[in-house]
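Note that these values count all heavy atoms, side chains included, but never hydrogens, waters or copies made by symmetry. Bear in mind that the values here come from a model prediction, so they are computed numbers and not experimental data.
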Amino acid sequence: MSSFLAHHGVLVALVCAGAAVVYGILTSRALLALSPGNETMRTISAAVQEGARAYLNRQYTTIAGVGVVLFIVLIPIQNIRVAIGFLIGGVLSASAGYIGMNVSVRANARVAESARGGVSRALDVAFRGGAVTGLLVVGLALFGVAGYYGVLTWIAGESTQNAVDALIGLGFGGSLISVFARLGGGIFTKAADVGADLVGKIEAGIPEDDPRNPAVIADNVGDNVGDCAGMAADLFETYAVTAVAVMLLGVLLFKQQSAVALYPLVLGAVSIVASIIGTFAVKSRVGNVERALYQGLITSGVLAALAFLPITYWMMNNLTFKATGAAAPHWWKYYLCALIGIGVTACLFVITDYFTSTRFAPVKNTARASQTGHATNIIQGLASGFQSTAPPAIVIALGILGAWKLAGGGTTNGIYGIGVAVMAQLSLTGLIVALDAFGPITDNAGGIAEMADLPEDVRNVTDPLDAVGNTTKAVTKGYAIGSAALAALVLFNAFETELVNAGKHPNFSIGNPAVLIGLLIGGLMVYLFASLAMEAVGRAGGAVVEEVRRQFREKPGIMEGTEQPEYGAAVGLVTRAAQREMILPSLIPILIPFIVGLISIEALGGLLMGVIVVGLFVAISMTSGGGAWDNAKKLIEDGAFGGKGSEAHAAAVTGDTVGDPYKDTAGPAINPMIKVANIVALLIIPLIT
């Protein structure tokens with residue numbers, strides 16, 4: 001079996017990736033065969049579908065223009081293999097988000113209709129809609145990495161080293177799509193959400209999904225292009241980049257290049273099988289939605305952990321280091337590294353759930369603070385966000401220490417163990433993305449039920465699903481941030497190792513002034529990036545507010561139900577604003593590392609360290625703090641501290657409005673930004689050496 005995997009690991013990966021795609025196709029067909037409800041429901045769903053397609057078409061057209069320039073630039077800087085990899089990564093990442101989004105916007109009406117049959121039925125439809133996106137993300141990512149590696153080694157006859165080097169381009173293509181998708185989708189969804197809430201809830205005093213609100217369709221569109229397509233692109237590139245980074249480190253470290261290059265691909269392959277099985281474990285017979293979702297995730301994690309044991313034995317046994325010829329650590333130590341990765345994921349889930357769920361103190365404290373006004377709500381929300389960074393940082397630090405020690409310590413030896421841990425962590429990506437996409441599907445289902453005036457018992461089903469969806473979106477963001485930080489650490493080590501192989505021996509000590517300057521610039525990049533994203537939401541959201549006010553002013557019949565709002569005007573406005581606003585911040589992680597690298601290699605190293613550390617803390621504080629604000633509002637709307645219409649509710653809406661761009665725009669977009677900066681550093685090595 002060891003010999004078989006060493007020679008046919010690519011084939012195993014391709015077969016399992018194909019299984020994920022087949023699962024997505026069959027599940028999509030089964031979902032689309034369900035009833036989308038009455039004519040009103042179909043009309044609303046069609047409007048959301050049209051808006052989402054129009055937005056993504058325009059977004060990908062914009063990205064394509066940037067992509068063509070980068071494709072051409074990569075040829076002289078690297079080579080045509082890297083440039084082609086860049087193209088493959090970008091196309092597959094865009095495809096995963098686009099296809100998944102199309103399924104999600106069709107599942108929403110079907111979930112609302114299925115809610116007539118109770119929680120279990122609606123849960124099944126909503127989760128399967130999300131699972132299509134999740135399995136497509138891992139399937140297409142593994143298919144791209146394994147397929148291109150196979151083409152280069154089998155057909156083009158490239159060496160293992162050259163093939164893995166070319167895969168860096170594929171990771172860059174996925175990262176480019178991810179940073180644009182996260183930013184553009186985040187700006188769209190939160191601008192629409194902020195505009196709809198401020199005028200609808202506060203000024204007009206109408207419910208969240210009231211069809212009289214001209215921004216309500218744009219809000220529903222934003223849920224899908226931000227949380228569904230955006231998260232899909234984010235975790236596609238995390239998955240692909242991590243696989244490539246671990247392959248690269250293995251090739252640089254060990255003599256047995258073929259086995260270590262294929263090891264992460266085979267881990268990913270068996271994880272897909274575990275994820276497919278895990279989807280069938282999501283069943284709720286007692287109405288506990290959160291438990292049903294997590295039992296699928298736990299099932300997948302346990303099966304993956306069991307499968308990793310023989311895979312690691314077959315592929316990581318009796319390895320020797322390339323530099324010294326010494327024996328590598330025993331195979332079971334690498335297996336323990338994999339278990340650490342799964343353990344870190346479990347801890348990040350529990351921690352993020354604590355800081356963002358209505359069941360625990362942080363959200364309750366934020367809701368309680370709303371009783372004394374808007375300012376105290378904001379103060380408590382900020383405090384909760386800052387506090388939420390401590391436990392994940394400790395977990396990640398302990399995970400790094402454990403994996404590093406098990407893999408032998410040292411600069412490169414130990415980092416490879418961390419890479420194995422991150423690859424194992426990403427074994428759960430399929431189910432994680434499914435949980436994230438579950439959020440916008442249930443949110444849209446509740447909106448359709450409200451706008452179509454469905455019976456109250458339908459809303460009694462969709463509302464709890466939506467509340468759980470809010471929590472799952474928060475915990476999946478925590479997972480994405482943690483994996484991004486660990487993946488970036490592996491990329492940084494690959495950058496340092498490649499420099500040494502090129503004859504450079506940079507001094508990345510903090511005592512080096514160039515490194516300190518780079519650290520400051522790296523931290524600056526994170527805050528500048530986040531501030532531009534927040535400003536973009538503010539400007540676009542302000543434009544939506546003015547548009548909704550205009551329609552209410554010029555069409556007084558809207559509030560009485562005698563005139564129809566112009567939904568398309570709001571969708572078009574937010575689309576144009578999001579496309580315009582996403583360009584500048586997206587260029588920050590590309591241009592600044594490029595310029596700094598041309599000036600000083602040591603400063604570039606410091607920059608990468610600064611981006612990783614500062615980015616981790618800013619991203620966690622934003623996503624967890626924003627989640628606490630959001631669920632504090634929902635807690636009050638459920639009757640706590642005065643309920644809807646109270647002073648506490650008004651303060652909570654303000655907090656949620658601030659938290660929206662925190663948790664859904666700036667915070668999540670920092671993930672791909674961290675990795676883009678590191679990949680750019682790897683790609684420009686030929687220029688700076």
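Shortest non-hydrogen contact noted between Ile44 and Ala452 is CD1-N, 4.0 Å. Smallest separation of non-hydrogen atoms from Leu123 and Ala292: CD2-CB, 3.7 Å. Among all heavy-atom pairs drawn from Gly655 and Ile378, the shortest one is CA-CD1, 3.8 Å. Closest non-hydrogen pair, Thr299 versus Ala281, comes out as OG1-CB, 3.6 Å. Shortest non-hydrogen contact noted between Pro661 and Thr657 is CD-O, 3.1 Å.
A donor-acceptor contact shorter than 3.5 Å links the side chain of Asn57 to the backbone of Arg53. Judged by distance alone, with hydrogens and angles left aside, the side-chain atoms of Arg182 form no donor-acceptor pair with the main-chain N or O of Ile670 at under 3.5 Å. Looking only at distances, no side-chain donor or acceptor of Glu581 sits under 3.5 Å from a matching main-chain atom of Ala540. Under a 3.5 Å cut-off, the side chain of Gln551 and the backbone N or O of Val548 do not form any donor-acceptor pair. Not one N or O on the side chain of Ser300 forms a donor-acceptor pair closer than 3.5 Å with the backbone of Gly278. Not a single donor-acceptor pair under 3.5 Å links the side chain of Gln49 to the backbone N or O of Asn102. Counting only distance, with no hydrogens or angles, the side chain of Asn108 and the backbone of Val105 share a donor-acceptor pair below 3.5 Å. The backbone N or O of Ala650 lies less than 3.5 Å from a partner atom in the side chain of Thr654, making a donor-acceptor pair. Looking only at distances, a side-chain donor or acceptor of Thr623 sits under 3.5 Å from a matching main-chain atom of Ile620.
Under the rule for a ring pair (Phe, Tyr, Trp, His ring centres under 6.0 Å), Tyr60 has no partner lying at least two apart in sequence or in another chain. Applying the salt bridge (Lys or Arg N to Asp or Glu O under 4.0 Å) criterion to Arg58, with sequence neighbours excluded, gives no partner residue. For the salt bridge (Lys or Arg N to Asp or Glu O under 4.0 Å) test, no residue two or more places apart in sequence or in another chain qualifies with Glu50.
In this structure, a donor-acceptor pair under 3.5 Å is absent between the side chains of Thr356 and Thr352. Remark: the Trp629 side chain and the Asp660 side chain contain no N/O donor-acceptor pair separated by less than 3.5 Å. With 3.5 Å as the limit, one finds a donor-acceptor pair spanning the side chains of Tyr55 and Gln579. The closest side-chain donor-acceptor pair between Asp664 and Thr189, if any, does not fall under 3.5 angstrom. Between the side chains of Tyr239 and Ser483, not a single donor N or O lies within less than 3.5 Å of an accepting N or O.
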For the pair Val119 and Asn460, evaluate side-chain contact (heavy atoms from CB on, under 4.5 Å) and give the outcome as yes or no after the intermediate values.
CA-CA 9 Å; Val119 171; Asn460 290 339; over 6 Å; no

Run the side-chain contact (heavy atoms from CB on, under 4.5 Å) test on Glu637 and His649 for me, step by step, so that the C-alpha distance in whole Å, both residues' side-chain angles and the decisive distance to 0.1 Å come before the verdict.
CA-CA 7 Å; Glu637 288 177 344; His649 183 231; 3.0 Å; yes

Where do Glu546 and Arg550 land on the salt bridge (charged side-chain N to carboxylate O under 4.0 Å, His left out) test, with the steps shown first?
CA-CA 6 Å; Glu546 293 301 324; Arg550 179 193 68 79; over 6 Å; no

Kindly determine whether Thr279 and Tyr23 satisfy side-chain contact (heavy atoms from CB on, under 4.5 Å), including the steps that lead there.
CA-CA 10 Å; Thr279 63; Tyr23 174 91; 3.2 Å; yes

Worked check of side-chain contact (heavy atoms from CB on, under 4.5 Å) between Thr238 and Asn671:
CA-CA 9 Å; Thr238 299; Asn671 301 346; 5.7 Å; no

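Within the 4.5 Å cutoff, the side chain of Ile441 has no heavy atoms near those of the Phe127 side chain. Proximity of Asp436 to Ile432: side-chain heavy atoms (C-beta onward) are nowhere separated by under 4.5 Å. By the 4.5 Å heavy-atom criterion applied to side chains, Tyr479 and Thr429 are counted as neighbours. Side chains of Ser357 and Val363 form no contact here, defined as non-hydrogen atoms less than 4.5 Å apart. Val433 is not listed as a side-chain neighbour of Thr476, based on a closest heavy-atom distance of 4.5 Å or more. For the pair Thr133 and Ser104, the minimum side-chain heavy-atom distance is below 4.5 Å. Looking at heavy atoms from C-beta onward, Asp630 lies out of side-chain contact with Tyr662 at the 4.5 angstrom threshold. Two residues are said to be in side-chain contact when any heavy atoms from C-beta on lie closer than 4.5 Å; Met41 and Leu454 meet this criterion.
Between Ile379 atom CD1 and Thr366 atom OG1 the span is 11.5 Å, to the nearest 0.5 Å. We find the CG-NZ distance between Leu635 and Lys633 to be 12.0 Å, quoted to the nearest 0.5 Å. Interatomic distance, Ile636 CD1 to Asp656 CG, rounded to the nearest 0.5 Å: 10.5 Å. Put simply, CZ on Phe641 and NZ on Lys364 are 8.5 Å apart, with the number rounded to the nearest 0.5 Å. The structure places OG of Ser45 at 4.5 Å from CD1 of Ile448, a figure rounded to the nearest 0.5 Å. Between the CD1 atom in Ile298 and the CZ atom in Phe349 there is a gap of 10.0 Å [rounded to 0.5 Å].
Outside the 6.0 Å centre-distance limit, the rings of Phe360 and Phe355 are not counted as a close aromatic pair.
The local environment of CG in Asp457 is crowded, with over 12 non-hydrogen atoms from other residues, nucleotides or ligands closer than 6.0 Å. Heavy atoms of other residues, nucleotides or ligands lying less than 6.0 angstrom from CD of Glu563 number more than 12.
Considering Leu435, Leu297, Val138 as possible partners of Leu428, the one that fulfils the side-chain contact (heavy atoms from CB on, under 4.5 Å) test is Leu297.
Sorted by first and then second residue, the salt bridge (Lys or Arg N to Asp or Glu O under 4.0 Å) pairs with a member in residues 373-386 form an empty list; sequence neighbours excluded. For residues 113-124, the set of pairs meeting the salt bridge (Lys or Arg N to Asp or Glu O under 4.0 Å) definition, not counting sequence neighbours, comprises Glu113-Arg116, Arg121-Asp124, Asp124-Arg128, Asp124-Lys283. Applying the side chain to side chain donor-acceptor pair (under 3.5 Å) definition to pairs two or more places apart or across chains, none involves residues 26-44.
The pair Arg459-Glu456 fails the salt-bridge criterion, with no side-chain N (NZ, NE, NH1 or NH2) lying under 4.0 Å from an Asp/Glu carboxylate O.
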